[in-house]
There are 2 protein chains.
Amino acid sequence: MRRVTRDIPQSPRSSAAGDDADYIRARIAWYYFAGGLTQQEIASLLGITRLRVNKTVGQLRSDGSVRIEIRLPLSDCVVMEERLKERYGLAEVRVVPSMGENGDAQRVIGEAAGEMLEARIRDGIGVAVGWGRTLSFAMTHLRARDFSGAWVASLMGGLTRGSGTNTFEVATALAGQLGSDCYYLAAPIYVPTAQSRDLLVSHHGLAETLRRLRSADLAFVSCGDMSPLSLLIQTQTVTENIQTLRDAGAVGDLLGYFLDAEGRIVDHPLNERVMAISPRELAAIPDSILASGGAYKAPVVRAVLRAGYVKRLVTDEACAAELLK
Amino acid sequence: MRRVTRDIPQSPRSSAAGDDADYIRARIAWYYFAGGLTQQEIASLLGITRLRVNKTVGQLRSDGSVRIEIRLPLSDCVVMEERLKERYGLAEVRVVPSMGENGDAQRVIGEAAGEMLEARIRDGIGVAVGWGRTLSFAMTHLRARDFSGAWVASLMGGLTRGSGTNTFEVATALAGQLGSDCYYLAAPIYVPTAQSRDLLVSHHGLAETLRRLRSADLAFVSCGDMSPLSLLIQTQTVTENIQTLRDAGAVGDLLGYFLDAEGRIVDHPLNERVMAISPRELAAIPDSILASGGAYKAPVVRAVLRAGYVKRLVTDEACAAELLK
DNA sequence: GCCCCGATGTTACATCTGTAATATTTATCT
DNA sequence: AGATAAATATTACAGATGTAACATCGGGGC
């Protein structure tokens, strides 16, 4: 566990250049998004290339420096939110429209989840976070306020062979945004054997992080399905076990634990080796947000909801429709 | 004075078609702004023409259904805000970047002013509003909440020969957004003679509106300069008097009253015929926002600030720079 | 019933935008 | 100083976007 202070955004800029670049960024943001000037106009106004303007605009969009708020609720979605709340006894549900094949659902869900998360952050709060693409999108949509009294901890171990995504990225980013402390469950998500799990837990700060996690006020998690697209499935450890997991009735994972259609942890050796708090412990956390969508994830999401592991849900139309069938 | 209920947005839609069109609008908003789909993709997804998507996107942008928030403060502007606050003893100042020749300053200032206004609205509040292009832009940037206990009244009479802009539009729109009552100063801004002014005031609901105005909690106004671009200057009544007004030392108007560089009402017959509350009465309203910008308006704005007629200011860089000279 | 109006579709085109491949500058490290 | 990496400029181009002119459709008012 380390203290994270402020290593989030476009960092490696030195002295004068950094200020200048930030200044240009801010000006571009205003001229383009508020003023509606054309990229070429901005370029000549600022004496830089259109290309640079173009790139900066792209950055601004994705790094959350400009945020677009849509004030037109989609009636269908609102209806589904209510029905989901009632059907699964949830405290809050947000359904966003599904985007066709292209513009990926993950991002839109993540952004909506970020808003829900932001609304629940308060000073002194302890937040337990998982990882995954959806969650990392949420990070761009948080307003960076200072909550130095708060703390963040990662709910689950990391991947050793990082496939592009740093698995602690979400926790780091959140702690950075909040200016709060961050505790890592610095271990692989799957340890070699059940014994080594016990060994690790007794060791190090892992025990402390786990203790902290159990006293968290809010959990922010996603879940994975069984398709080869899933981040978790791509890890070697899981790939080796995928067939036996399927045979055991697994429909997907929550915090690395594979669940059956009813949300029960399936009987499989892999589930003995997970370095993360258990779904049952997750359910004991006072408040929690599950962010997952896409029709193909509906089976896992349904499993998680049926078992009552989480209190709030952010998903998309396609998944919501499946959940309501 | 009339009750305004809800006649703001894209109104003249009948029964089924209206719902359908709104539904399409909402979907387009999500697909385009949240999902980042291309207009063509959206068109085929929804089975409509790309053109229609294109037009709708344009509407969404300008009617405030989607709102873009920029989270990068421009250091220059922030500095000027502080200096203006100190120099003119203001409670709050907002300075937005000036847009080059194109993308008009009015809109950006208006939008910022809308945000400041929104922040100050509370249930039961009485808001006195003026009119002008800048203010009408502010209306698109208000979140429509319900403040049925609030009321809105127009601060000044209207133009009889409407040059495109309905002068009560701002009051109507604001009342509509708030779902509150709206009182109009239903008279021309310049009445024929000083006597007819007294006559009108004694008559009708005008007296009541004026009484209300004086008990308003918040005023939302703009001011005009002496250039031919100014809405007010374009009215025939003023055009006839422009030379004598200049000779009397006028640098612009506030609520139809022409002021000198120190903010004093200039000695001119036209100022006897204004149907509006006086600047002095405006100063007595507990809280007030002046939204005006552009370098060419600096003289009037300075006059208004010097005389202390308003408490808060929203302007742009160019004007702010002049004000600080 | 007929006409007019507004909303939408059709087509065509100029412009703006996103992206890649490549050169040049600038900062940083040894 | 020289080498290296990052940022920025240059050029080129396909695809997306905004706009205009005109056709078509459906409803409401006379």
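Order of the sequence lines sets the chain letters (A, B, ...), proteins ahead of strands, with each chain counted from 1.
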Engineer: Rounded to whole angstroms, how far apart are CG on B:Leu51 and C1' on D:dA20?
Structural biologist: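 After rounding, the reported distance stands at 10 Å.
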
Engineer: Whole angstroms only, please: what is the CD1-P distance between A:Ile48 and C:dT25?
Structural biologist: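 Atom-to-atom, A:Ile48 to C:dT25, this comes out as 18 Å.
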
Engineer: Just how far, in rounded Å, is P of D:dT8 from CZ of A:Arg25?
Structural biologist: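 From A:Arg25 CZ to D:dT8 P: 11 Å.
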
Engineer: In this structure, how many angstroms lie between the P atom of D:dT8 and the CZ atom of A:Arg52, rounded?
Structural biologist: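 Nearest whole value for this atom pair: 4 Å.
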
Engineer: For the helix from C:dG1-D:dC30 to C:dT30-D:dA1, what angle lies between the axis at the first five pairs and the axis at the last five pairs, to 10 degrees?
Structural biologist: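 Angle reported: 40°, given to the nearest ten degrees.
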
Engineer: What's the separation between atom NZ in A:Lys55 and atom CZ in A:Arg25, rounded to the nearest 0.5 Å?
Structural biologist: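 With rounding to 0.5 Å, NZ (A:Lys55) is 13.5 Å from CZ (A:Arg25).
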
Engineer: Please write out the pairs of protein N or O atoms and N or O atoms of nucleotides 13-17 of chain D separated by less than 3.5 Å, giving the distance to one decimal.
Structural biologist:
unit_1, atom_1, unit_2, atom_2, d
D:dA16, O3', B:Thr38, OG1, 3.2
D:dT17, OP2, B:Thr38, OG1, 2.7
D:dT17, OP2, B:Gln39, N, 2.8

Engineer: Nearest 0.5 Å please: distance from the CG atom of A:Asp316 over to the OG atom of A:Ser98.
Structural biologist: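 Between A:Asp316 CG and A:Ser98 OG, I get 3.5 Å after rounding to 0.5 Å.
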
Engineer: Measure the distance from CG on B:Asp22 to C1' on C:dA7 and round it to the nearest whole Å.
Structural biologist: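 Atom CG in B:Asp22 sits about 14 Å away from atom C1' in C:dA7.
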
Engineer: Take the protein atom CD1 of A:Ile24 and the nucleotide atom P of D:dA7, then report the distance between them rounded to whole Å.
Structural biologist: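 Value for this atom pair: 15 Å.
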
Engineer: Once you round it to whole Å, what is the distance between C1' of C:dT17 and CG of A:Leu60?
Structural biologist: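 Going from CG in A:Leu60 over to C1' in C:dT17 covers 15 Å.
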
Engineer: Looking at CZ of B:Arg27 and CD1 of B:Ile42, how far apart are the two atoms once the value is rounded to the nearest 0.5 Å?
Structural biologist: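 Here the rounded value is 11.0 Å.
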
Engineer: Looking at side-chain heavy atoms only, is the closest gap between B:Glu169 and B:Trp131 below 4.5 Å?
Structural biologist: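 Result no, sub-4.5 Å side-chain heavy-atom pair not found.
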
Engineer: How many angstroms lie between atom CG of A:Leu174 and atom CZ of A:Phe220, to the nearest 0.5 angstrom?
Structural biologist: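 Rounded to the nearest 0.5 Å, the CG-CZ separation comes out at 8.0 Å.
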
Engineer: Would you say the side chain of B:Thr172 lies within less than 4.5 Å of the side chain of B:Tyr184, judging by non-hydrogen atoms?
Structural biologist: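 They are in side-chain contact.
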
Engineer: A:Leu74 versus B:Tyr23: any side-chain heavy-atom pair under 4.5 Å?
Structural biologist: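 Yes - at least one pair of side-chain heavy atoms lies under 4.5 Å apart.
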
Engineer: For the pair A:Ser222 (side chain) and A:Ser292 (backbone), establish whether a donor and an acceptor sit closer than 3.5 Å, ignoring hydrogens and angles.
Structural biologist: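 The answer is no, because no donor-acceptor pair under 3.5 Å joins these two groups.
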
